[in-house]
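The structure presented is a predicted model; accordingly, all values stated were derived computationally and were not measured. Counting starts at 1 for both ligands and their atoms, in listed order.
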Amino acid sequence: MAIQPKELAQLFLEGKDSEALKEVQTFLENQSKKDLYHGLLTPAMIHIGELWERNEISVADEHLATAICDFVMSAVDIRKESMSLAGGQALVLGVEGEQHHLGLKMSASVFREHGWRVHYLGPDLPLDHALAAAERWSPDVIGLSASLAYRVPALRRYIDAFRGLQPKPVVFIGGRVVGITDLSAFEQEGALLFQDLSGLERWLQEEGGTAHYAKSAT
Ligand code: B12
C-alpha cells in the first residue's frame, strides 16, 4: 500500500530524506505528479502545520520538514529537454512578503508536465521585479501564490500592475488565500482562482493548448 501523508510527514520530521525520497519514487510508479502533490505532499505539510499549531513540534522541526519536502520535489522533478512545448509560457511567483513556496513550486511543475515553459521566480518577489520579468518574458499566464489572508492588498497591487501589460496575460491566483478569503472581485476582473492543482490540471487540459490565443491585445 502507498505511504500515507502522516507517515511521510513523520519521515520528514525525523530528517529521513533518503527514505522519504524512496517512498515518493515508489508512489510515482503508479501515480501522477499531480496526485503526489495533491494527495500526498500537501496533506503531509498540512499535518505538519497542525502539529506546529498544537506545539507538538518546534519551528526547527517544521523548517526541517519543509526542507525535505522541497528536496523530494526537486529530486523527482526531472525535466525532459525534448518534451514538445504544447502549451504556452507561464511566469509563477509569490507576492512580496509571502514566504510559503511549496504550492507555487508544485504549480510550476504541473505547468511543465503539460508542456508549458515555466519561469519559476519563487516566493516574495517585489512588484517592480515581477513587472520587469513579465515585460521580459511576455508570458501567457502569470501565476500568483499567497497563503495568508492579509496578502489580499498585495494581490490587488500585482493584478492592477499586470493589467497594464501588452499583450495582457491571464492571471492565475492560487494558494491557501483562495480558500479562506473572498476573491470574487479578482475573478470578475478576469483572474482565475485555483484552490488546488486539480483545477489547474483541468484548465491545462481543456484550455491550456490554446492559451497563447487567450492573451488579449486590448
Ligand atoms: C511550511 C510552513 C511555513 C514555512 C514556509 C516555508 C516555505 N518556504 O514554504 C515558514 C516557517 C516560513 C512559515 C511561516 C509562516 N507561517 Co506558515 N505554514 C507552513 C505550513 C506548515 C505548510 C505550508 C505548505 O507548504 N503547505 C503545503 C502547500 C503545498 O500548500 P499550499 O501552499 O496551500 O499550496 C497548494 C494550493 O494552495 C495550490 N497552490 C499554491 N500556490 C499556487 C499557485 C498557483 C498559480 C496555483 C494554480 C495553485 C497554487 O497548490 C498547492 C497544491 O496542493 C502551513 C500549514 C498549512 N495548512 O498549509 C503553515 C501556515 C500556512 N502558516 C501559518 C502562519 C501563521 C505563518 C506565519 C505568519 C508564522 C509567523 N508567525 O511567523 C509565517 C508567515 C511567513 C510569511 N511571511 O509568509 C498558518 C496560517 C494561518 C492563517 N491564519 O492563515 C498555517 C496554516 C499554520 C497553522 N496551522 O497555523 N510557514
- line: The atoms of ligand 1 lying under 4.0 Å from a heavy atom of Leu144, numbered in the order shown, are 43 (C), 45 (C)
query: What are the atoms of ligand 1, with element, lying closer than 4.0 Å to any heavy atom of Thr66?
result: 1 (C), 6 (C), 7 (C)
- prompt: Can you find an N/O atom of Glu50 closer than 3.5 Å to an N/O atom of ligand 1?
  reply: no
task: Apply the ring-ring contact (aromatic ring centres under 6.0 Å, His included) test between Phe172 and each candidate in Tyr158, Trp116, Phe162, Phe194; give the one that qualifies.
output: Phe194
Contact check: Trp52 vs ligand 1, nitrogen or oxygen atoms, below 3.5 angstrom: no
- prompt: Relative to the heavy atoms of Leu197, which atoms of ligand 1 are at a distance of less than 4.0 Å?
  reply: 50 (O), 52 (C)
message: Taking the basic N atoms (NZ, or NE/NH1/NH2) and the acidic carboxylate oxygens, is any pair closer than 4.0 Å for Asp160 and Arg157?
response: no
field: Atoms in ligand 1 flagged as close to His101, the criterion being non-hydrogen separation under 4.0 Å
entry: 7 (C), 8 (N), 9 (O)
statement: With heavy atoms and a 4.0 Å threshold, my read on which part of Met106 contacts ligand 1 is side chain
query: Does any N or O atom in Asp196 lie less than 3.5 angstrom from one in ligand 1, N or O only?
result: no
field: From CG (Leu197) to NE2 (His38), nearest 0.5 Å
entry: 7.5 Å
message: Checking the N or O distance criterion of under 3.5 Å, is ligand 1 in contact with Thr42?
response: yes
task: Please work out which of Gly122, Gly103, Pro123, Ala146 has its closest non-hydrogen atom nearest to atom 51 (C) of ligand 1.
output: Gly103
message: Hydrophobic clustering (ILVMFWY, side-chain heavy atoms < 4.5 Å, transitive) - are Val95 and Tyr150 grouped together?
response: no
message: Could you check whether Glu189 pairs with Arg156 (Lys NZ or Arg NE/NH1/NH2 to Asp/Glu carboxylate O, under 4.0 Å)?
response: yes
query: If you measure from atom 48 (C) of ligand 1 to every heavy atom of Gly174, Ser198, Ala67, which option wins on shortest distance?
result: Gly174
message: Is Val92 close enough to touch ligand 1? Criterion: a residue heavy atom under 4.0 Å from a ligand atom.
response: no
message: Counting non-hydrogen protein atoms only, what is the nearest one to atom 24 (C) of ligand 1? Give residue, atom name and distance.
response: Met45 CB, 4.1 Å
- prompt: Hey, does Gly97 come in under 3.5 Å of ligand 1, counting only N/O atoms on both sides?
  reply: yes
field: ligand 1-proximal atoms of Tyr150, by part, heavy-atom distance under 4.0 Å
entry: side chain
query: When you measure from atom 75 (C) of ligand 1 to each heavy atom in Lys34, Glu96, Gln99, Glu98, which option holds the nearest one?
result: Gln99
message: Suppose I only count heavy atoms of His63 and a 4.0 Å limit; which atoms of ligand 1 are within that range?
response: 11 (C)
- prompt: Does His38 have a non-hydrogen atom less than 4.0 Å from ligand 1?
  reply: no
N/O donor-acceptor pair under 3.5 Å between Thr42 side chain and Tyr37 backbone: yes
query: In terms of side-chain geometry, is the basic nitrogen of Asp77 or Arg112 positioned less than 4.0 Å from the acidic oxygen of its partner?
result: yes
- prompt: Do Ser107 and ligand 1 have an N or O pair less than 3.5 Å apart?
  reply: no
message: Using a 4.0 Å cut-off to any heavy atom of Gly49, which atoms of ligand 1 qualify?
response: 21 (C), 55 (C), 89 (N)
field: Close-contact set for ligand 1 against Gln195 heavy atoms, below 4.0 Å
entry: 36 (C), 37 (O)
query: Of all the atoms in ligand 1, which lie at a distance below 4.0 Å from a heavy atom belonging to Arg151?
result: 76 (C), 77 (N), 78 (O)
